[in-house]
Every structure is written in C-alpha cells, then in structure tokens.
Amino acid sequence: MNRLLFEGRTLVGIVSSIIRQDDPHIIFKRLDWERMFRLADYHKVANIVYLGVLGHRDELPEKWHGRFFERYQEALQFGEHCKDSIKEMLTWLDMREISCTILTSEFVRDYYQIAEAAENSSVQILLDEENYFLAKGYLIDLGYEIDTKYAGAGEQMNKVSSISVILYKSFPFRTGRFEKNMTRLLETAYIKEPYESIMMLPPESEFIYRMAGAAYRYVVDELTLREVLDLFLCHRAWRNRINMEAVWKRLDDFQIGGLAENILRIAYMWFGDKKDNYFADKPVEDMAVYDILEERLLTKGVLNHENDIEAIRLQKLIQKEIDREKKKEGREILGEKIGEYFGGIRKKLRWAFPDYHYMSSIYPIVEKIPILLPVFWVVRGLRILVS
C-alpha cells in the first residue's frame, strides 16, 4: 500500500475513533510520528489525534507527543475565547454599519460531543470591497495577522487564542457557474439578531455553500479531513430540518450533485455511527468510487485515478480559468515590458532632441528664429561629441 495512503487511513482511523468514541485498532509503534504530525496538522485534526493517543504515550516519541499536545492546548484556548471574540468583532462591524454576510457560522463547534475535539475553524465573512478594507484594518488593529491570501478574493487572518477569520471581497471560486450559484445563495441571507448590518445564511444555504466548497476543493486537491468532518456534523445536525431534496437540486445547478453526495457518503463511512441508516434507502453500488475518492483526498492528489464525470468536468473548467488568468498576466507583463522599452526610447530621444524651450535657453537665436531648431540640434550634438 502507498505510504501516504496508509498514513491517511491511519489518521482517519484515529479521528473516527474519537468522534465515534470507540477503540481504534491501530499499531502505534509502526507509525512515523513526524510524518503523522505533519499530516494531521495539514488536515487540522492534530488536537483530535492527541486525544486518540492519550493511552499510548509510551509508544510516541516525547517530541511528537509534545507537538500534538500543543495543538490540543491551542484548541482549548480557542474554545474559551471563541464566542467572546466573535461577538466583539461582529459588534464592531455592526456599530459602524458595515454590511456583511457570514458564510459559515461558528455553531459547528456545538456539534462536537467532545468539545476539545473542535478546532479553530474559520468564520468566513463576505463584504463589498470598501467594507472589506475597513474590516481588515480593524482586525489588524486588534492584533490579527494575515495567514493566507486568496488571490483576488480575500485573506485569512489569525490571532493567538482568538477566532480565525476569512474575509472575502468576492467568492474564491474560479468558474462562472460557481460564482453565479454562490451569489444566488446570498439572496436567502437574513439579519442576524441582535445586529442590524450583519447577515447570515440559513442552515440550508450554509450547507449548500459548505458542500459546493468541499467539492471544489476536492478537485483542486485542497480538501481536508477537518472540512469533511465539519460537513458530516452539520449534515447530521440539520438533516431533519432542512429540505435535502432542494439542497441536491441546488447542487445539481453547480453540476456537482453526484460528487457532493459521494463526499457526504464517505464522511458518514468514516465518522458516522454504523447504526445510522440515513443512506439505507440508497445502498452503495460500487465501492470503487469511494476508494478512488479516498485515495485522492488522503494523498492530496498524489494518487489520482479520478473517473467521476462531474469532478473531471469541474477540474477542466478550473484549469481553463487558470490558463486564462496566466495568459492575461502574461499579456500584462509583456505590455509593461513594451511600455518600459518605448519609455526608454522616448527618454533617449528627449535627450538627443531637447524641446524648443530648453534649446532657446541655450541658444537665444532659436527663440528669434524657431526654424533653426533642427540646425542647433546638430550643433549641440557635435559639441557633445567633441567634448
């Protein structure tokens, strides 16, 4: 078995054992804990892994046990300050009448049976461009630092022991279909009480946003276990009070309905209770589909045998947009170089053939007889050569 896939499946086993609260069947001594920590940190589940190895301390090198404990402590500290920091930030925005829409709420933390298994999952906020820079400046004044930039779309900002915030001035999706359907979701937003300028998505729309985002990040090989876990917990909490038929219809508008369902199904396979019969009326017909999805997700695309039509189509559309952006960037760079080239030529010409006012200040006769200007250009040139 591929080493990356083995480590990924081991990571899923540890995380799912904590979420399900059962015993993991893992031989801890065989693991490369440096690689496991890096993988867990990438997937943002290192704090859960710490809970999973508590009874196996002797089988972990002290260094890596300490690193997992650090992530666990960070999660605890975040939990203590989470709601206060969110309230502080939203109150400031509302007092200044800065209109914005919360795309993903912090309530997903409440769906974890073990509170310390939750993570500093970012609250995502969409603003217009003017308010975006006002909000960004405010967060910087509060001590936030830019962690990740999303080209042309926004930035993630982090602060120790505080909520992580992603500010968007536009949706971070390249395809026109995604942009159009995400914009439609905003029409369902409502005022978040007790605020007057803060909007939020209802559970149905937020779930669609999360599902579509997960499918998009899957095909660009950026989907994490934490995101899949949050998706599972949201669906389990909301599935009886949202119209799932309408959800799948909206996801079909994105042209990712089948892919999204596969991601949700594998989330239930990994983290769900085996007694949960939510998908009982839709038995799995071909497990190979989920093997391919698992391999790609857990190895960040190193193992990629993708055969899902929707995934392949979306990937091609994204690549097409990337290529178009590169061509546009290339044209802009070429334009700058051409501009610099001709700018240099203009400077040389201005030096070789100074304007009338400059020449008349040196040769007064030019002012009296302007037609002699070319003659004195030659005179000036000869004087420079002789000197």
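Because only heavy atoms are used, hydrogens play no part in the values below, and waters and symmetry mates are left out as well, while side chains stay in. One-based numbering along the sequence shown.
- The existence of a salt bridge linking Asp41 and Arg67 is excluded, since no basic side-chain nitrogen approaches an acidic carboxylate oxygen closer than 4.0 Å.
- Side chain of Thr148 to backbone of Gln156: no donor-acceptor contact under 3.5 angstrom is found.
- Side chain of Thr188 to backbone of Leu185: a donor-acceptor contact under 3.5 angstrom is found.
- In this structure, the side chains of Asp32 and Arg3 come closer than 4.5 Å at one or more pairs of heavy atoms.
- Atom-to-atom distance recorded for Leu93:CG and Ile102:CD1 is 8.5 Å, nearest 0.5 angstrom.
- Contact check for Ile166 versus Tyr150: side-chain heavy atoms found under the 4.5 Å cut-off.
- At least one donor-acceptor pair closer than 3.5 Å links the side chain of Glu204 to the backbone N or O of Asn243.
- The shortest side-chain heavy-atom distance between Leu4 and Leu298 does not fall under the 4.5 Å cut-off.
- Within the 4.5 Å cutoff, the side chain of His65 has no heavy atoms near those of the Trp33 side chain.
- By the neighbour-count criterion of 12 heavy atoms within 6.0 Å, atom CD1 of Ile371 is sparsely surrounded, having that number or fewer from other residues, nucleotides or ligands.
- Val220 and Tyr168 end up in the same hydrophobic cluster when Ile, Leu, Val, Met, Phe, Trp and Tyr side chains are linked at under 4.5 Å.
- Inter-residue side-chain proximity for Phe107 and Glu206 is flagged as unmet; no heavy-atom pair is nearer than 4.5 Å.
- Connection of Phe376 to Ile369 is established within a shared hydrophobic cluster, with ILVMFWY side chains joined at heavy-atom distances below 4.5 Å, either directly or through further cluster members.
- Ile365 and Phe353 fall within a single hydrophobic cluster, where Ile, Leu, Val, Met, Phe, Trp and Tyr side chains are chained together by heavy-atom contacts under 4.5 Å.
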List, one per line, each side-chain donor-acceptor pair under 3.5 Å for residues 230-238, sequence neighbours excluded.
{"residue": "Asp230", "atom": "OD1", "partner": "Tyr112", "partner atom": "OH", "Å": "2.6"}
{"residue": "Asp230", "atom": "OD2", "partner": "Ser121", "partner atom": "OG", "Å": "3.1"}
{"residue": "His235", "atom": "ND1", "partner": "Tyr268", "partner atom": "OH", "Å": "2.7"}
{"residue": "His235", "atom": "NE2", "partner": "Tyr278", "partner atom": "OH", "Å": "3.4"}
{"residue": "Trp238", "atom": "NE1", "partner": "Tyr111", "partner atom": "OH", "Å": "2.8"}

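- Ring geometry for Phe37 versus Phe68: interplanar angle over 60°, hence perpendicular rather than tilted (30 to 60°).
- By the salt bridge (charged side-chain N to carboxylate O under 4.0 Å, His left out) test, Lys136 is found to be paired with Glu155, residues two or more places apart in sequence or in another chain being considered.
- In this structure, the side chain of Asn158 does not engage the main chain of Ser164 through any donor-acceptor pair within 3.5 Å.
- Distance check, rounded to the nearest 0.5 Å: OG of Ser99 to CG of Asn131 gives 6.5 Å.
- Taking CG of Leu201 as the reference point, atom CZ of Arg210 lies at 10.5 Å (rounded to 0.5 Å).
- Note on Val108: it clusters hydrophobically with Ile114, by side-chain heavy-atom contacts below 4.5 Å among ILVMFWY residues.
- Between atom CG of residue Asp291 and atom CD1 of residue Ile266 there is a gap of 8.0 Å, rounded to the nearest 0.5 Å.
- If you chain together hydrophobic residues whose side chains sit under 4.5 Å apart, Met199 and Val123 never meet in one group.
- Counting only distance, with no hydrogens or angles, the side chain of Asn47 and the backbone of Glu116 share a donor-acceptor pair below 3.5 Å.
- In this structure the side chain of Lys192 reaches within 4.5 angstrom of the side chain of Leu90, judged on heavy atoms.
- The closest donor-acceptor contact from the side chain of His43 to the backbone of Leu225 lies under 3.5 Å.
- Taking OH of Tyr195 as the reference point, atom SG of Cys100 lies at 10.0 Å (rounded to 0.5 Å).
- A cation-pi arrangement, defined by a distance under 6.0 Å to the six-membered ring centre and an angle within 45 degrees of its axis, is absent between Arg71 and Trp64.
- Annotation: cation-pi geometry not satisfied between Arg265 and Tyr290 (NZ/CZ under 6.0 angstrom from ring centroid, within 45° of ring axis).
- Between Arg217 and Phe173 there is a side-chain heavy-atom pair separated by less than 4.5 Å.
- The pair Lys63-Glu34 does not meet the salt-bridge criterion, since no charged nitrogen lies less than 4.0 angstrom from a carboxylate oxygen.
- To the nearest 0.5 Å, atoms CD (Glu74) and CD (Glu119) are separated by 9.5 Å.
- Side chain of Arg174 to backbone of Glu321: no donor-acceptor contact under 3.5 angstrom is found.
- At least one side-chain heavy atom of Leu31 sits under 4.5 Å from a side-chain heavy atom of Phe6.
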Using residues 305-320 as the side-chain source, report each donor-acceptor pair under 3.5 Å to any protein atom, sequence neighbours left out, with the distance given to one decimal.
{"residue": "Glu306", "atom": "OE1", "partner": "Tyr218", "partner atom": "OH", "Å": "2.5"}
{"residue": "Glu306", "atom": "OE1", "partner": "Arg296", "partner atom": "NH1", "Å": "3.0"}
{"residue": "Glu306", "atom": "OE2", "partner": "Asp308", "partner atom": "N", "Å": "3.2"}
{"residue": "Asp308", "atom": "OD1", "partner": "Glu310", "partner atom": "N", "Å": "2.9"}
{"residue": "Asp308", "atom": "OD1", "partner": "Ala311", "partner atom": "N", "Å": "2.9"}
{"residue": "Glu310", "atom": "OE1", "partner": "Gly258", "partner atom": "N", "Å": "2.9"}
{"residue": "Glu310", "atom": "OE1", "partner": "Leu259", "partner atom": "N", "Å": "2.8"}
{"residue": "Glu310", "atom": "OE2", "partner": "Gly258", "partner atom": "N", "Å": "3.4"}
{"residue": "Arg313", "atom": "NE", "partner": "Gln255", "partner atom": "OE1", "Å": "3.3"}
{"residue": "Arg313", "atom": "NH2", "partner": "Gln255", "partner atom": "O", "Å": "3.4"}
{"residue": "Gln315", "atom": "OE1", "partner": "Arg296", "partner atom": "NH1", "Å": "3.3"}
{"residue": "Gln315", "atom": "OE1", "partner": "Arg296", "partner atom": "NH2", "Å": "3.0"}
{"residue": "Gln319", "atom": "NE2", "partner": "Asp323", "partner atom": "OD1", "Å": "3.0"}

